[in-house]
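Sequence lines set the chain letters: A, B, ... in the order given, protein chains first and strands last, and positions in each chain run from 1. Only heavy atoms go into these numbers, but all of them, side chains included; no hydrogens, no water, no symmetry mates.
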Protein chains: 2
Amino acid sequence: MNAESAIEALGALAHDHRLAAFRLLVQAGERGMAAGAIATVLGLPNSSLSFHLAQLRGAGLIVQQRQHRSLIYRANYPAMNALLGYLTENCCAGSDCTAEALCPPSDNERKSA
Amino acid sequence: MNAESAIEALGALAHDHRLAAFRLLVQAGERGMAAGAIATVLGLPNSSLSFHLAQLRGAGLIVQQRQHRSLIYRANYPAMNALLGYLTENCCAGSDCTAEALCPPSDNERKSA
DNA sequence: ATTTCATTTCTATTTTTCTGGAAATATGTT
DNA sequence: AACATATTTCCAGAAAAATAGAAATGAAAT
């Protein structure tokens, strides 16, 4: 994680619709949600939502996967953790900052984080 | 911490100059830095920097204090932690997310965090 | 192969944010 | 009081981001 990608991720989250979409996906968990479903829940036109999902995806915060006719989106926990890690890493400037425990992404990654 | 202030803080950090300024202040620690010094280090016109410092301050991420002729800025660790807490709080959606350890702001707050 | 459905890309418009010089404000100095 | 210094506010222009309708794409069903 460098400054550029941190800014991209922060900027992606720093928007009403995108933060809402991201949190929706975080709550949806492994199952994820189809673009249309997200648009319905958030009450957004498809084109608008698509724009925002692309932003989140460009920042690496969410992941896309086709399932039948729909495109399923999922939160990318490791990317989320990388961002938090970056922010805490540059925090406290050498003093005893013990920021470590972030969000364990999923069962199969818990031991390697 | 609610969505609105989280977005404000995220947006404040999601900018080249502001992230640089914030990290500079984080590294400066308790001592802080005068606006002019920050402007010099970052190579920005005073008016431009002032705009960005105001953004960070509006988001509550930094704090201002006059010292002689200069305005000293300091990072606001508790606010930083609140933001990280908000992001991790809404992470993992009820599963075993143990995100807790953030950045201990200062010696006198370490025991109450 | 054609149709259908879900989603994205295109495009123009609007809105917001960023920039930096000049003037104003606030503090400290002589 | 007059001056010097540090920083902010004002302003207008420039740049970037958001919006949403319409057209295009892509995958699957018939």
Side-chain angles (χ1 to χ4, degrees), chain A residues 3-25 28 31-76, chain B residues 3-25 28 31-76:
Chain A
E4 194 185 3
S5 51
I7 287 167
E8 207 179 347
L10 288 165
L13 291 173
H15 187 276
D16 206 1
H17 298 336
R18 289 196 294 265
L19 186 57
F22 182 72
R23 292 180 65 186
L24 204 55
L25 291 176
R31 195 168 300 166
M33 279 183 83
I38 303 173
T40 300
V41 171
L42 299 184
L44 292 175
N46 287 359
S47 61
S48 215
L49 177 72
S50 188
F51 170 76
H52 291 299
L53 289 178
Q55 300 274 115
L56 285 168
R57 203 157 86 92
L61 289 167
I62 63 173
V63 159
Q64 188 192 58
Q65 188 187 24
R66 185 168 284 276
Q67 206 162 88
H68 306 292
R69 280 175 178 167
S70 299
L71 281 171
I72 304 297
Y73 286 90
R74 287 193 189 82
N76 182 1
Chain B
E4 193 184 4
S5 51
I7 288 169
E8 207 178 347
L10 289 165
L13 290 173
H15 187 277
D16 206 1
H17 299 335
R18 289 195 294 264
L19 186 57
F22 182 72
R23 291 180 67 186
L24 204 55
L25 291 176
R31 195 167 302 166
M33 279 182 82
I38 303 172
T40 300
V41 172
L42 299 184
L44 292 175
N46 286 1
S47 61
S48 215
L49 178 72
S50 189
F51 169 76
H52 291 300
L53 288 178
Q55 300 275 115
L56 286 167
R57 203 158 85 93
L61 289 168
I62 64 175
V63 158
Q64 189 192 55
Q65 187 187 23
R66 184 169 285 277
Q67 205 162 85
H68 306 292
R69 280 176 180 166
S70 300
L71 281 171
I72 304 296
Y73 285 91
R74 289 194 187 80
N76 183 0

Mind listing the closest non-hydrogen atom pair of [X] and [Y] along with its distance?
| X | Y | result |
| --- | --- | --- |
| A/His17 | A/Leu42 | O-CD1, 3.9 Å |
| A/Ala59 | A/Ala9 | CB-CA, 3.8 Å |
| B/Leu24 | B/Met33 | CG-SD, 3.7 Å |
| B/Ala35 | B/Leu53 | CB-CD1, 4.2 Å |
| A/Ile7 | B/His15 | CD1-C, 3.9 Å |

query = Contact class for A/Ser70 vs. all strands (heavy atom < 4.0 Å): base, sugar-phosphate, or nothing?
reply = sugar-phosphate

Hey, does A/Ala39 reach any base, or is it just sugar-phosphate, or nothing, if we go heavy atoms under 4.0 Å? nothing

Look at the side chain of [X] and decide which nucleotide, out of [options], has an atom nearest to it.
| X | options | value |
| --- | --- | --- |
| A/Asn46 | C/dT7, D/dT8, D/dA18 | C/dT7 |
| B/Ser48 | C/dT19, D/dT19, C/dT7 | C/dT19 |
| A/His15 | D/dT7, C/dT8, D/dA18 | D/dA18 |
| A/Leu71 | D/dA20, D/dT8, C/dT8 | C/dT8 |

Spacing of [X] atom [atom1] relative to [N] atom [atom2], expressed in whole Å:
| X | N | atom1 | atom2 | value |
| --- | --- | --- | --- | --- |
| B/Leu42 | D/dT7 | CG | C1' | 16 Å |
| A/Arg18 | D/dT19 | CZ | C1' | 12 Å |
| B/Leu49 | D/dT9 | CG | P | 12 Å |
| A/Ile38 | C/dT7 | CD1 | P | 9 Å |
| A/Ile7 | D/dA17 | CD1 | C1' | 16 Å |
| A/His17 | C/dT15 | NE2 | C1' | 13 Å |
| A/Gln65 | C/dA6 | CD | C1' | 16 Å |
| B/Ile72 | D/dT7 | CD1 | P | 7 Å |

Close side-chain approach of B/Gln55 to B/Phe51, heavy-atom, < 4.5 Å
yes

Original post:
Is there a side-chain contact between B/Leu25 and B/Ile38, using heavy atoms and a 4.5 Å cut-off?
Top reply: yes

- Message: Keeping A/Asn76 on the side-chain end and A/Val63 on the backbone end, is there a donor-acceptor pair under 3.5 Å?
- Response: no

- Determine yes or no for a side-chain-to-main-chain donor-acceptor pair under 3.5 angstrom, with B/Arg18 supplying the side chain and B/Ala12 the backbone. yes

Expected list for residues 51-63 of chain B near DNA chain D, using heavy atoms below 4.0 Å, is none

Here the gap from B/Arg31 atom CZ to B/Arg74 atom CZ, rounded to the nearest 0.5 Å, amounts to 10.5 Å

Per-nucleotide protein contact along nucleotides 22-30 of chain C, 5' to 3', at a 4.0 Å heavy-atom cut-off (B base, S sugar-phosphate only, - neither), is B----BBS-

Check your understanding: Is there a side-chain polar atom (N or O) of B/Gln64 under 4.0 Å from OP1 or OP2 of D/dT8?
Key -> yes

